[in-house]
Structures are given as C-alpha cells and as structure tokens.
Protein chains: 2
Amino acid sequence: MRMTGKERRQQLLDVARALFAEKGYDSASVEEIAHRAGVSKPVVYEHFGGKEGIYAVVVDREMSAMLAGVTQALAEDDAHPRVLLERAACALLDYIDGSTDGFRILVRDSPVATASGTFSSLLNDIATQVEHILGIQFAKRGYDSKLAALYSQSLVGMVALTAQWWLDARKPKKAEVAAHLVNLAWNGLSHLEDKPALRKRR
Amino acid sequence: MRMTGKERRQQLLDVARALFAEKGYDSASVEEIAHRAGVSKPVVYEHFGGKEGIYAVVVDREMSAMLAGVTQALAEDDAHPRVLLERAACALLDYIDGSTDGFRILVRDSPVATASGTFSSLLNDIATQVEHILGIQFAKRGYDSKLAALYSQSLVGMVALTAQWWLDARKPKKAEVAAHLVNLAWNGLSHLEDKPALRKRR
DNA sequence: GTCAGTCCCTACGCTTACGTAAGTTACGGC
DNA sequence: GCCGTAACTTACGTAAGCGTAGGGACTGAC
C-alpha cells in the first residue's frame with residue numbers, strides 16, 4: 001500500500017484525471033480522489049496544495065500533450081495545405097483516442113469558468129495556430145487575411161464537435177472520420193467525394 | 001418594491017438567466033439570484049421550488065426559442081439545400097445576437113453534466129435535425145446515408161464554435177459571418193469564393 | 001375597521017466539502 | 001538496535017449554500 005512520493009503523485013494524477021473527466025471540476029471532490037487512490041485527503045494536499053493545484057497539473061499535462069501533437073502536425077510549412085489539414089485532423093483524433101479522459105476534461109469548463117467570459121481557452125489556442133497557417137495561405141491567394149480568424153474557428157469547431165461525437169459513437173473508424181472531415185473542409189458540400197481517402201498516411 | 005406574482009416570476013427568470021450565463025449552474029447561488037432581484041431566497045423557492053426548478057425553466061425557454069428559429073429555417077423541404085443552410089446559419093446567428101445569455105447557458109454543461117456521459121444534448125438535437133435533411137440529400141445522390149450523422153456533426157460544430165467566437169469578437173457583421181460559413185461549408189477550402197454573398201435574404 | 005389572501009422576510013437546520021493540525025507507522029542509514 | 005525522515009492517518013474547524021419554518025406587512029373587499 002505504501003508508495004514512494006513519485007509513484008503516489010503519478011497515481012493521484014491518474015485517478016484525478018479520470019474523476020475530473022467523469023464528474024467535472026465542481027462535482028469531483030478531493031476526498032473521492034483520495035479514496036479512489038486508497039489514501040486519505042491530506043496526501044493530496046501534501047502533493048498538490050489543493051484541488052485547484054491538482055486540477056491545474058492535470059490540465060496542463062493534457063494541454064501540452066494535445067498541443068504537441070497538433071503543433072507537430074502543422075509544423076511543416078512547405079507541405080501542401082490539404083496535407084497539413086489531414087495531418088492535424090489525424091493528430092487530434094489520435095490524441096482523443098489515446099487520452100479520452102484528458103480530452104473530456106479539456107472540453108469541459110474550467111474552474112474559473114472560461115476566464116474573462118471568452119470561450120474555452122484550449123480550442124482558442126489551437127484555432128490561433130490554424131489561423132496562422134491559414135493567414136499565410138490567404139495572403140498567398142489574395143483573400144482578406146482578416147478572415148483567417150473566422151475560418152480557423154469554423155475548422156476547429158468542425159473537427160472538435162465531430163471528435164466529441166465520435167467519442168461516443170465510435171462508428172466509422174478513426175481514419176475514415178479523418179478522411180471525411182478533410183473531405184468536407186476541403187471539397188465542401190457541393191464537391192463532396194463519394195469515397196474520400198487520405199492523401200498521405202501519418 | 002412589491003410586485004405581483006407574474007412580474008416577480010418574470011424578473012426572477014431574467015435575473016437567473018443572466019447569472020447562469022455569467023457563472024454557470026454550479027457557481028450561481030440561489031441567494032445571489034434573490035439578492036440581484038432585490039428579494040430574499042424563499043421567494044425563489046416559492047416560485048420555482050428550487051435551484052434545479054428555475055434552471056430547468058430557463059433552459060427550456062431558451063431551447064424552445066432557439067430550436068424554433070432553426071427548425072423553421074429548415075422547414076421548407078423543397079428549398080435548395082444551400083438555401084436551407086443559409087437560412088439555418090442566419091437563424092442561429094440571429095438567436096445568438098438577440099439572446100446572448102441564453103446561448104451561453106445552452107453551451108455550458110448541464111447540472112447533471114450531460115446525462116449518461118454523452119455530449120451536450122442541445123447541439124445534438126440540432127445535429128439530429130440537420131442529419132435528417134442531410135440524409136435525404138445523401139440518399140438522393142447515392143452517398144452512404146450513414147455518413148449523414150458525421151457530416152451533420154461537423155456542420156453544427158462549425159457553426160456553433162464560430163458563433164461563440166463571434167460572440168466575443170463581433171468583428172465582421174452578422175450577415176457576413178453567415179455568408180462565410182456557408183462559403184466554407186458549401187464550397188470547401190479548395191473552391192472558396194473571394195467575396196461570398198448569401199443567395200437569399202432572410 | 002377587520003379580515004383574508006398574497007407577498008415577502010428573518011432565522012435556522014443540515015449537508016457537503018475544502019483545508020489543516022497533530023499524531024502515528026513504516027523505512028533506511030549508522 | 002536506534003533515530004530521523006518520509007508517508008500517511010484520524011479528527012476537526014470553517015465556510016458556502018440548499019432548502020424550510022414560521023411569522024410580519026401590505027392590499028383590497030365588505
């Protein structure tokens with residue numbers, strides 16, 4: 001039952017992540033975190049200082065993991081935009097598939113509830129990156145680059161909500177979902193392909 | 001200070017809607033609702049039975065208002081799909097513009113947190129309607145109609161997140177946002193129009 | 001005026017859950 | 001075999017907030 005500090009800390013983080021995903025920040029209690037870890041409350045306080053503390057660490061780790069994946073996918077500046085889009089969609093779905101609880105937490109409200117009235121900061125972070133990529137392409141083609149913000153929000157929203165739906169449905173396979181997302185974003189409803197396929201694997 | 005029952009009830013609903021929008025269900029307290037209305041707690045309990053009661057009424061009203069708008073926009077079965085899309089996007093933006101607090105509430109988590117682990121039921125209701133429309137069109141064109149669910153989620157997510165972004169940004173005018181949304185959904189990134197315009201007014 | 005009904009208040013009980021204080025048990029070096 | 005340190009415990013103080021009991025005040029009819 002007795003663990004070393006590092007082990008216990010990691011275990012608490014795992015337990016807390018699962019509980020926050022299940023109940024949300026407010027409804028999860030540190031007592032239950034402790035209980036599920038087979039330990040009493042003060043242990044949690046010893047390691048993380050409090051409820052906000054452990055939540056912050058959990059969120060920070062998930063943010064990093066997710067952004068790392070997506071950022072890397074968007075990294076190659078010279079790649080074709082459509083390939084970038086494909087890579088980003090795949091990266092997001094991979095993350096969700098691999099860390100479902102983490103994604104659920106990131107999509108829920110923060111404790112301070114979306115600081116300053118603005119929307120969930122994570123999706124904004126991602127949208128900002130997409131906006132950058134898109135802005136370059138827009139400028140290259142002579143579109144109004146101020147509209148890049150609008151279109152990036154649309155794209156991120158499209159992928160994010162579909163991802164959440166897929167989280168419960170799990171019906172089409174991951175790769176197929178990605179292909180259809182790209183299909184819609186790239187071709188639009190008026191040019192939908194019958195059986196879309198990804199251009200580039202991973 | 002003293003009001004008739006109906007007046008007080010309406011005032012409480014207005015105050016509660018604003019507060020729920022600002023703080024979310026958990027962080028809003030009955031006491032603060034009462035205080036903002038210049039009244040004490042038992043009045044709220046007299047009218048609505050409890051916190052869940054008043055929240056339920058607020059949400060129900062907003063759901064009805066929003067769905068009514070969107071449903072009506074999607075009603076004309078014989079209209080061209082693109083026109084339907086335009087009408088739906090406009091209806092949603094109109095609702096958000098006219099009842100910002102209500103929309104903010106609907107997008108947040110429910111008290112029981114999206115019962116049964118599934119995603120926010122409101123957006124799902126809308127997506128279901130879109131799915132129906134889309135299914136018909138898919139069948140007509142020989143696409144796999146099982147994919148209508150996926151594409152409707154994508155479309156709703158696209159519009160919903162963009163709407164939330166616009167809620168804070170307010171940068172392009174409402175009609176312009178709708179035009180660009182339709183532009184992306186309909187034409188796709190590869191066929192973007194430079195200066196999209198809506199086909200049909202209101 | 002007085003009486004009924006409506007509107008509203010103060011004051012309280014009770015639960016939940018955060019955070020803390022002080023004491024207890026296992027582990028490793030000497 | 002002793003002792004400090006690190007891991008952990010029980011037990012409590014405190015605060016917030018839901019819901020309720022019982023009583024006060026205003027209004028209008030007769």
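Reckoned from all heavy atoms, side chains included, excluding hydrogens, waters and symmetry mates.
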Smallest separation among heavy atoms of Tyr95(B) and Phe103(B), with atom names:
OH-N, 3.5 Å
Ranking dC12(C), dT9(D), dA7(D) by distance to the side chain of Thr4(A), first place goes to dA7(D)
Need to verify one output field. Residue with the more 5' nearest nucleotide on DNA chain C, Gly5(B) or Lys41(B)?
Gly5(B)
Check whether any side-chain N or O of Trp165(B) sits under 3.5 Å from a backbone N or O of Ser154(A) as a donor-acceptor pair, and report yes or no.
no
Nearest whole angstrom, please: distance from the C1' of dG17(D) to the NZ of Lys23(B).
13 Å
Under 4.0 angstrom, heavy atoms only, what part of the nucleic acid is Ala28(A) near: base, sugar-phosphate, or nothing?
sugar-phosphate
Look at all strands and tell whether Gly53(A) reaches a base, only sugar-phosphate, or nothing, counting heavy atoms closer than 4.0 Å.
nothing
What's the CD-P distance between Gln10(A) and dA7(D), to the nearest Å?
15 Å
Could you state the atom-to-atom distance from NE2 of His47(B) to C1' of dT6(C) in whole Å?
10 Å
State which of dC18(D), dC8(D), dC8(C) makes the closest approach to the side chain of Arg2(B).
dC8(C)
Rounded to whole angstrom units, what separation is found between the CG atom of Asp26(B) and the P atom of dT16(C)?
15 Å
In whole angstroms, the gap separating P of dT16(C) from CD of Glu31(A) amounts to 11 Å
Using the side-chain heavy atoms of Val30(A), tell me which of these nucleotides is nearest: dC18(C), dC8(D), dG17(D).
dC18(C)
Compare the minimum distances between each of dC8(C), dC18(C), dT20(D) and the side chain of Met3(B), then state the nucleotide with the smallest one.
dC8(C)
Nucleotide nearest Pro42(B) when distance is taken to its side chain, options dT10(C), dC8(C), dT20(C):
dT10(C)
Looking only at dT20(C), dG19(D), dC9(C), the nucleotide nearest the Tyr45(B) side chain is dG19(D)
For the pair made of NE2 in His35(B) and C1' in dC8(C), what is the distance, rounded to whole Å?
16 Å
Calculate the interatomic distance between Lys51(B) atom NZ and dG19(D) atom P; express it in whole Å.
8 Å
Taking every non-hydrogen atom, the tightest pair across Arg87(B) and Ala73(B)
NE-O, 3.3 Å
Between Asp14(A) and Arg17(A), is there a side-chain N and carboxylate O pair less than 4.0 Å apart?
yes
Rounding to a whole Å, what distance do you find between Lys6(A):NZ and dA6(D):C1'?
15 Å
Smallest heavy-atom separation, Leu181(A) atom then Met158(A) atom, equals O-CE, 3.5 Å
Classify the nucleic acid contact of Ser29(A) as base, sugar-phosphate or nothing, counting any heavy atom under 4.0 Å across all strands shown.
sugar-phosphate
